[in-house]
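Quick notes on the structure that follows.
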Amino acid sequence: METVLSGIRSTGNLHLGNYFGAIRNFIRMQHEHNCYFFIADYHSLTTHPTPENLHNNVKQVLVEYLAAGLDPEIATLYVQSDVPEVAELYLLLNMNAYMGELERCTTFKDKARSQPNNINAGLLTYPVLMAADIIIHKATKVPVGKDQEQHLEMARTFANRFNRLYNVNYFIEPVAYNFGDDLIKIPGLDGSTKMGKSESEGNAVFLADEPEVIRKKVMRAVSDAGPQTPNQPKAQSIENLFNIMKVVSTKDTIKHFEDAYNNCTIRYGDMKKQLAEDIIAFTTPLREKILEFASDNEYLKKVAKMGAEKARESASKTVREVREIIGFKPF
Ligand code: TRP
């Protein structure tokens, strides 16, 4: 059994792409491994959210992950800032993180470019905090997207450097958890190949979207003028509609529209109507759970408390041992 850890950005609502991508795998993994999932709210301070936004974002993420099926009784589901031991390990690791390597980090350079008036030290040391998140629980596997691979590499660097500096074999090198074929890529409704990739309005269907909103988005999805000759290859935008159908519609429905496309009788309006209803049928139970959890503050409080207790147990053990290795010893 591996110790798997994933940090969740505390911004952005879950969409179908997230659901069929990482989330479905998280739900499965929680039964197979020792899993830690946390909401990275310390990290989010690098962009200076208002206190109200910060809290609401954390709450929404928690609610949506619970609704999607993360089980707080099985996995350790917690809010990063409820585990102050992470901040202490971050401080300690910062002493062995070098300016040059932090400045060379691609995400730092991108952020410095996109927010030139707020190039704060937290942004520079973002990878150090992320390393602390991971190695504080001795996680061995970290499910990350391409954009986070460099951060994971830096976590390995910091873990190894600590071991070398103190001549111990204490921290374990975390490696990427690759979902491989299990990662279903859901395209966007705007013709792009990945949902959530572009910011364009109507690109993504969110789990919390009302049926009317879903109907509007799907009806406005990009399509084309329709096939002119039988069995014509599909344009990307049409391929996208079929690919979304593949995860929400029945085989018969898909075959019906495939046939209609191939013999040039397809009416995209009909296809989109059907697709919208099938998406709604799929998301409705999730949206209902989202609303239910969102209105149950007592439950959320219980979940957060339980997660914090489990996470702090593991984190405080690490920090105690690290302090000792470093030479902080009680008189
Ligand atoms: N940086 C990650 C992201 O933007 C979030 C994150 C923070 C994370 N700490 C982590 C991911 C630790 C994995 C492990 O998506």
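Read the numbers this way: they start at 1 and go in the same order the structure lists the ligands and their atoms. Just the heavy atoms: all of them, side chains too, but no hydrogens, waters or symmetry mates, feed the values below.
Here is the list of ligand 1 atoms found below 4.0 Å of a heavy atom in V142: 13 (C), 14 (C). Listed by number with element, the atoms of ligand 1 under 4.0 Å from a non-hydrogen atom of L5 are 12 (C), 14 (C). Interface of H43 with ligand 1, defined as ligand atoms under 4.0 Å from a residue heavy atom, comprises 7 (C), 9 (N).
Scanning the protein for heavy atoms near atom 12 (C) of ligand 1, the closest one is M130 CG, 3.6 Å. The protein heavy-atom contact nearest to atom 9 (N) of ligand 1 is D133 OD2, 2.8 Å.
Contacts with ligand 1 closer than 4.0 Å are made by no heavy atom of Q80, backbone or side chain. Residue-level proximity to ligand 1 for I134 is carried by the side chain, the only part with a heavy atom below 4.0 angstrom. Under 4.0 angstrom from ligand 1, the non-hydrogen atoms of F38 all belong to its side chain.
A salt bridge is defined here as a Lys NZ or Arg NE, NH1 or NH2 lying under 4.0 Å from an Asp or Glu carboxylate O, and E258 with K234 meets this definition. Electrostatic pairing of K305 and E309 counts as a salt bridge here, judged by a charged N lying under 4.0 Å from a carboxylate O. The residues R215 and E212 are annotated as salt-bridged, a charged nitrogen and a carboxylate oxygen being separated by less than 4.0 angstrom. Ion pairing of K317 with E321 is present here, as a side-chain N (NZ or NE/NH1/NH2) and a carboxylate O approach within less than 4.0 Å. Using a 4.0 Å cut-off between a side-chain N of Lys or Arg and a carboxylate O of Asp or Glu, D252 and K255 do not qualify as a salt bridge.
For atom 8 (C) of ligand 1, the nearest non-hydrogen atom from the set G7, P143, A155 comes from G7.
The N/O atoms of R9, backbone and side chain alike, include one that comes under 3.5 Å of an N/O atom in ligand 1. The distance criterion of under 3.5 Å between nitrogen or oxygen atoms is met by Q148 with respect to ligand 1.
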Can you check ring-ring contact (aromatic ring centres under 6.0 Å, His included) on Y78 and H137, steps first, answer last? CA-CA 13 Å; Y78 64 100; H137 300 300; 5.7 Å; yes

Could you walk me through whether R156 and E153 pass the salt bridge (charged side-chain N to carboxylate O under 4.0 Å, His left out) test, one step at a time? CA-CA 5 Å; R156 285 192 285 273; E153 177 67 40; 2.8 Å; yes

Candidate pair F26 and F37, rule ring-ring contact (aromatic ring centres under 6.0 Å, His included), full reasoning: CA-CA 9 Å; F26 288 177; F37 299 110; 4.8 Å; yes

